[in-house]
There are 2 protein chains.
Amino acid sequence: MTVTMNDIAKRVRVSRATVSYVLSGRDDASISEATKRQVRAAAQEMGYRPNRMARALIKGRTQMIELLVHDFHPAFYSYMIHTVRKVIEQSEYHLNVAQVTAETSPLEASYWPVDGVLAFDCAAFVDKLPDSVVESVPIVSFGASYSTRVDHVGVDLAVGARAVLRHLIGIGRRRIAYLVAECDCQAGNARYDAYINCLKDAGFEPLFVNFNEDRTAYQRKAAREAVLERFSSPSGIDALFCFSDELAIGAHMALRQLGVSIPGDVALTGFDGIDDLECVDPPITAIAQPYEALAEIAWTFLNKRLENKDLPRQSTVLTPELVIRGSTSLASG
Amino acid sequence: MTVTMNDIAKRVRVSRATVSYVLSGRDDASISEATKRQVRAAAQEMGYRPNRMARALIKGRTQMIELLVHDFHPAFYSYMIHTVRKVIEQSEYHLNVAQVTAETSPLEASYWPVDGVLAFDCAAFVDKLPDSVVESVPIVSFGASYSTRVDHVGVDLAVGARAVLRHLIGIGRRRIAYLVAECDCQAGNARYDAYINCLKDAGFEPLFVNFNEDRTAYQRKAAREAVLERFSSPSGIDALFCFSDELAIGAHMALRQLGVSIPGDVALTGFDGIDDLECVDPPITAIAQPYEALAEIAWTFLNKRLENKDLPRQSTVLTPELVIRGSTSLASG
DNA sequence: ATGAAAGCGCTAACAG
DNA sequence: CTGTTAGCGCTTTCAT
């Protein structure tokens with residue numbers, strides 16, 4: 001049925017080993033050009049496809065890297081996947097994107113034996129992994145939610161959140177509301193804590209625009225509806241500090257629809273830095289996650305670990321950048 | 001280093017076979033409860049993780065299904081991935097999402113041995129696959145661009161395009177422009193042909209708003225800029241028939257920014273049915289791809305094929321649905 | 001109720 | 001220059 005090296009060997013009347021040498025292009029065993037040509041021709045003709053499982057079994061390496069994400073859908077995730085892909089593409093490894101959910105059993109997530117794991121924004125998942133797993137496969141945890149149990153490249157969201165809030169306060173906003181899903185609105189969350197503290201320091205009162213929608217759902221719509229409702233009667237809010245870009249876009253749509261001026265009546269900020277921010281009018285000020293740097297450093301760390309298991313823990317924490325756009329600056333808004 | 005069945009067998013002082021029986025939970029060999037308990041306890045303690053490659057090698061099945069897509073990023077793709085994932089999640093198979101690009105060598109794409117392939121919107125890729133591949137692994141081609149060389153579930157975009165155009169003509173539009181990337185603007189493309197023919201039949205002149213941006217790039221922005229430029233001087237266009245939802249959203253942003261009334265001055269239609277369409281004001285009329293049906297039928301076909309290689313060719317073509325929203329209807333717009 | 005042994009397709013010493 | 005051989009970790013008859 002499927003063509004194996006044996007079949008080729010029989011056809012060309014050489015040994016399996018010879019076929020293996022030729023097909024894996026090694027030159028440490030010297031094989032006559034004629035034999036090589038014959039073997040390659042036979043492989044081509046017979047439609048030989050190497051059985052990677054067999055190769056992996058013996059080599060102990062699969063050449064596969066697994067990227068773990070929560071979801072594929074929101075632009076923030078899909079853009080990160082996209083970025084990681086571009087980085088790995090240049091290497092000799094292949095990328096497999098897998099999703100971890102609350103229900104995913106930690107052992108099942110990396111169902112397939114991979115040489116290394118890049119875990120994006122899932123500290124909790126990495127923290128729960130059994131020791132046996134952490135010891136047997138190199139893992140790099142990266143993103144805003146990173147585990148210090150393994151190599152990691154983090155993003156300090158608290159710094160970013162404070163920068164946004166100080167910016168809003170700096171342009172004279174006094175009634176800054178936090179637009180956030182209920183599930184992300186609690187002490188311990190970096191953005192929540194930064195919000196509470198910054199406002200307390202400035203002497204302002206915290207305000208919330210909440211909605212009840214799960215993190216992996218389509219939050220843009222939920223945010224839009226929450227903002228539509230809240231602003232349909234006088235809200236007294238002059239700025240919306242949004243948990244994510246998705247929410248900021250939803251808010252933007254709602255405010256425009258209600259005829260609320262941005263940033264005249266309400267300033268608006270996002271968080272992550274997806275492309276859509278620049279595509280609305282006015283474009284939205286936001287903290288930009290360092291996508292490329294995250295992906296590149298994570299991959300560098302993983303590569304080093306792949307080469308040397310005994311390296312000391314590698315780690316770095318990046319600071320996201322505040323990108324000021326029309327939604328918070330009258331000049332261009 | 002890594003714990004194998006042999007290690008467990010030695011520890012518990014039974015044979016490798018016994019361990020295998022216990023761990024794969026088979027009851028055809030009867031093993032004493034005591035032994036079973038010991039084996040399981042040892043496996044747990046020693047952090048045993050089955051080597052799936054070895055299992056796959058012997059069983060000839062990997063339990064992996066590969067989903068082939070062009071890209072992860074635009075919402076259309078990520079939503080399809082999301083949908084397929086939800087469908088496969090319920091089965092005993094695992095999903096691996098891989099990307100095929102123009103440069104992907106057909107043999108490399110499915111790098112890893114999988115039991116089956118779901119190829120989304122990549123007829124050209126499937127058509128170019130060598131016979132040996134098509135014969136050795138079940139493939140279902142699905143989406144608007146499907147290959148009839150294998151089992152397929154298609155979407156008839158021409159029908160959808162005609163429905164949209166007839167709708168635009170029906171609401172009295174006479175100068176309907178086609179917003180499309182240059183690379184998709186040529187005879188042979190279902191939407192292009194439908195556009196040309198529908199307009200000819202109605203006695204209208206074709207009009208184009210083109211931009212030069214590659215299919216996998218961020219087209220929303222490119223479309224927005226193209227529309228901004230075209231409409232900054234009188235365009236004489238009273239409807240935009242957009243190649244995709246991404247373009248329609250970009251056009252929407254541009255028109256709103258220019259103060260052009262939708263649909264008063266210009267009616268607008270999308271194509272695919274992503275969530276964002278409903279999140280703008282006015283929401284955008286579009287052809288909705290039957291995501292769920294596509295994913296479910298494709299998976300059903302693949303499953304049947306997995307069970308029986310010799311089944312006759314399975315195929316179906318779905319008709320997408322026209323969803324009328326505010327961007328083409330004055331009542332709600 | 002358990003073990004011995006063969007082998008999935010491939011690689012890599014080591015002989016010849 | 002090429003063939004022999006011994007596994008990689010696991011499943012599965014077939015004996016015991």
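Here is the naming used below: chain letters follow the sequence lines, and residue numbers restart at 1 for every chain. Worth knowing before you read on, the calculation uses all heavy atoms, side chains too, and leaves out hydrogens, waters and symmetry mates.
Counting non-hydrogen atoms under 4.0 angstrom, Arg13(A) reaches the backbone sugars and phosphates but no base. Contact annotation for Ser24(B): no contact, since no heavy-atom pair falls under 4.0 Å across all strands.
When the side-chain nitrogen and oxygen atoms of Thr35(A) are compared with OP1 and OP2 of dT2(D), one or more of them lie within a distance under 4.0 Å. Applying the 4.0 Å criterion to OP1 and OP2 of dT11(C), one finds that Ser20(A) has a side-chain N or O inside that range. Between Ser15(A) and dT4(D), a side-chain N or O to OP1/OP2 separation shorter than 4.0 Å is absent. Dashed line: the shortest gap from a side-chain N or O of Thr18(B) to OP1 or OP2 of dG3(C) is under 4.0 Å.
With rounding to whole Å, Tyr48(B) atom OH is found 4 Å from dC10(D) atom P. In this structure, the OH atom of Tyr21(A) is 21 Å from the P atom of dG9(C), given to the nearest Å. Between Arg55(A) atom CZ and dG9(D) atom P the separation is 18 Å, expressed in whole Å. When rounded to the nearest whole Å, the span between CZ of Arg16(A) and C1' of dT5(D) equals 9 Å. Asn6(B) places its CG atom 12 Å from the P atom of dT11(D), with the value rounded to the nearest Å. Summarising the geometry, the separation between CG on Leu57(A) and P on dA6(D) is reported as 18 Å, rounded to the nearest angstrom. Note: CE (Met5(A)) to P (dC8(D)) measures 19 Å, nearest angstrom. Atom CZ of Arg49(A) is separated from atom P of dC8(C) by 20 Å (rounded to the nearest Å).
For the side chain to side chain contact (heavy atoms under 4.5 Å, CB included) criterion with Gln314(B), the lone passing option out of Val153(B), Val150(B), Asp151(B) is Asp151(B). Checked against Phe120(B) for a ring-ring contact (aromatic ring centres under 6.0 Å, His included), the options Tyr146(B), Tyr79(B), Phe76(B) give a single hit: Phe76(B).
Nucleotides of DNA chain C nearest to Ala54(A) and Val14(B) differ in position, and the one nearer the 5' end is that of Val14(B).
Salt bridge present: Asp131(B) and Arg149(B) bring a charged side-chain N and a carboxylate O closer than 4.0 Å.
Among the nucleotides dG9(C), dA12(C), dG7(D), the one closest to the side chain of Ile58(A) is dG7(D).
Aromatic ring orientation, Tyr77(B) versus His70(B): perpendicular (interplanar angle above 60°, classes split at 30° and 60°).
Looking only at distances, a side-chain donor or acceptor of Thr300(B) sits under 3.5 Å from a matching main-chain atom of Glu296(B).
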